[in-house]
Amino acid sequence: MDIGILGSLAVGERGVSITPTAPKPRQVLALLALHADQVVTVGTLTEELWGAAPPRSARPTLQTYILQLREHIACALRQGEGGGAGQRCAKDVLLTVPGGYLLKGGQGASDLRDFERLAGLGYRAMDAGDYAGAAARLSEALELWTGPALADVHAGVHLATEIRRLEESRLCALDQRIEADLRLGRHRELLAELTVLVSRYPTHESLCGQYMLALHRSGRRGEALNAYRQLRARLVRSLGLEPSAALAKLQRSILVSGPAGASAPAGMSAVGASAPAGMSAVGASAPAGMSAAGASAPAGTSAAGRLAPAG
């Protein structure tokens, strides 16, 4: 079973798509695919489809959707390439188990599994100080995303939670890839990307800190300080919060430092440009405590703890 969820839903068996076009069977398949090789209970599927007030016909209707999915699977097994799996039937792929259903992923491709593997390699490379390796592995992981997770699936309560979790995982990988690139001195190359990101996530402190560093190291000190002022205004206006101590420290360090490339002020490291005390050698990183994946972030929160996409 090949499963793609980092973008549009794409599930195939033996090279043939089994993804239905009808919205509710599509929801069922999405939830089963997200939890491939795990039991998804009838209660979870029912709540996903109809919320807290399902109709009395919910169970037989769900069974109908399962039958429709099995028809797609059976068709794929008949049409698919290779004869080695000729004895398999749809019920061998989508199983009825006590309390629910289980979709067997087997040894098929999974973009989510590949993303998690590559991101894990990238995080370990960061911990080992291999910033080039980290940037390469995390870039590979991020390239697996073709759009928002399950972009073409209507999301009920359970899928919506999973989509938020996946987006947070993507942001953590993105944060660490940018950090690795900053440590490699790629601040000028990052400016265009960071300009888009801080506009998309206007209260994300880690991204703002990285943007400030990239601007400062590119000789655009005034713009770096303006980025801080804009973030502070948004946080105060929308959340009633001041920026974190780490970001305020970065702002003060830029204020007292000379132009990028000049000698670093006392108490600051200089790796290509000035960096605040308490920050890792700033050939590149964001302020201490602001990195999303170098230190764990609470489940369901942003890397900086304050994430709100624009709009």
Side-chain angles (χ1 to χ4, degrees), residues 125-127 129-132 134-135 138 171-172 174-239 241-295 297 302-307:
M126 284 291 289
D127 290 341
D130 177 12
Y131 304 125
L138 290 166
L171 283 170
C172 287
L174 180 61
D175 175 271
Q176 286 295 279
R177 197 228 78 217
I178 292 172
E179 174 130 347
D181 281 338
L182 282 169
R183 287 181 180 270
L184 293 167
R186 298 170 179 168
H187 42 272
R188 292 185 188 277
E189 295 95 318
L190 287 169
L191 279 175
E193 180 182 12
L194 282 167
T195 298
V196 173
L197 288 170
V198 296
S199 175
R200 184 175 299 161
Y201 303 103
T203 57
H204 196 298
E205 294 189 33
S206 181
L207 289 173
C208 183
Q210 292 168 331
Y211 185 45
M212 291 166 64
L213 284 168
L215 284 167
H216 181 50
R217 286 189 174 76
S218 300
R220 295 161 66 174
R221 184 168 166 235
E223 291 175 67
L225 294 171
N226 188 54
Y228 176 85
R229 285 192 293 270
Q230 290 179 346
L231 174 72
R232 181 181 180 276
R234 291 189 194 102
L235 287 174
V236 171
R237 182 175 64 251
S238 62
L239 301 173
L241 296 173
E242 289 288 337
S244 66
L247 195 63
K249 189 173 188 177
L250 172 60
Q251 184 253 4
R252 290 194 298 272
S253 298
I254 294 174
L255 270 173
V256 302
S257 69
S263 300
M268 297 170 66
S269 64
V271 183
S274 53
M279 291 176 56
S280 49
V282 186
S285 70
M290 291 178 58
S291 172
S302 71
R306 301 172 188 164
L307 170 62

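Along the sequence shown, residues carry numbers from 1. All heavy atoms count here, side chains included; hydrogens, waters and symmetry mates do not.
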Residue set satisfying side chain to side chain donor-acceptor pair (under 3.5 Å) with R232, at least two apart, ordered chain then number -> E242

Run the side-chain contact (heavy atoms from CB on, under 4.5 Å) test against R252 and tell me which residues pass, sequence neighbours left out. A248, K249

Identify, with sequence neighbours excluded, every residue that meets side chain to side chain donor-acceptor pair (under 3.5 Å) alongside Q251. none

Between D181 and A135, what is the shortest heavy-atom contact and its length? OD1-CB, 3.5 Å

Do Q210 and L197 come within less than 4.5 Å of each other through their side chains, counting heavy atoms only? no

Heavy atoms, side chains only, cut-off 4.5 Å: are R221 and I254 in contact? yes

As an exercise, state the distance from OG of S206 to CD1 of I178, rounded to the nearest 0.5 Å. 8.0 Å

dist L194:CG -> S199:OG (nearest 0.5 Å) comes out at 12.0 Å

Can you list everything that forms a side chain to side chain donor-acceptor pair (under 3.5 Å) with E189? Sequence neighbours excluded, please. none

Can you name the closest pair of heavy atoms from L250 and G209 and give their distance? CD2-O, 3.6 Å

If the condition is side chain to side chain donor-acceptor pair (under 3.5 Å), which residues does Y131 pass it with, not counting sequence neighbours? R183

Working to the nearest 0.5 Å, report the span between CD of Q230 and CD of E223. 10.0 Å

Could you verify whether a donor N or O on one side chain and an acceptor N or O on the other, from H216 and S257, lie under 3.5 Å apart? yes

Distance-minimising heavy-atom pair for C208 and L231: SG-CD2, 3.7 Å

For residues L191 and R220, report the shortest heavy-atom separation together with the two atoms involved. CD1-NH1, 3.4 Å

Under 3.5 Å, is there a donor-acceptor pair between the side chain of E205 and the main chain of S244? yes

Quick one: does L241's side chain get under 4.5 Å of T203's, heavy atoms only? no

Straight-line distance of L174 CG to Y201 OH, nearest 0.5 Å: 8.0 Å

Would you call E193-R186 a salt bridge at under 4.0 Å N-O? no

Closest heavy-atom pair, R229 versus G222, reported as atoms and distance to 0.1 Å, is NH2-O, 4.3 Å

Checking L215 against M212 for the side chain to side chain contact (heavy atoms under 4.5 Å, CB included) test, could you report, in this order, the C-alpha distance in whole Å, the side-chain angles of both residues, the deciding distance, and whether it holds? CA-CA 5 Å; L215 284 167; M212 291 166 64; 5.8 Å; no

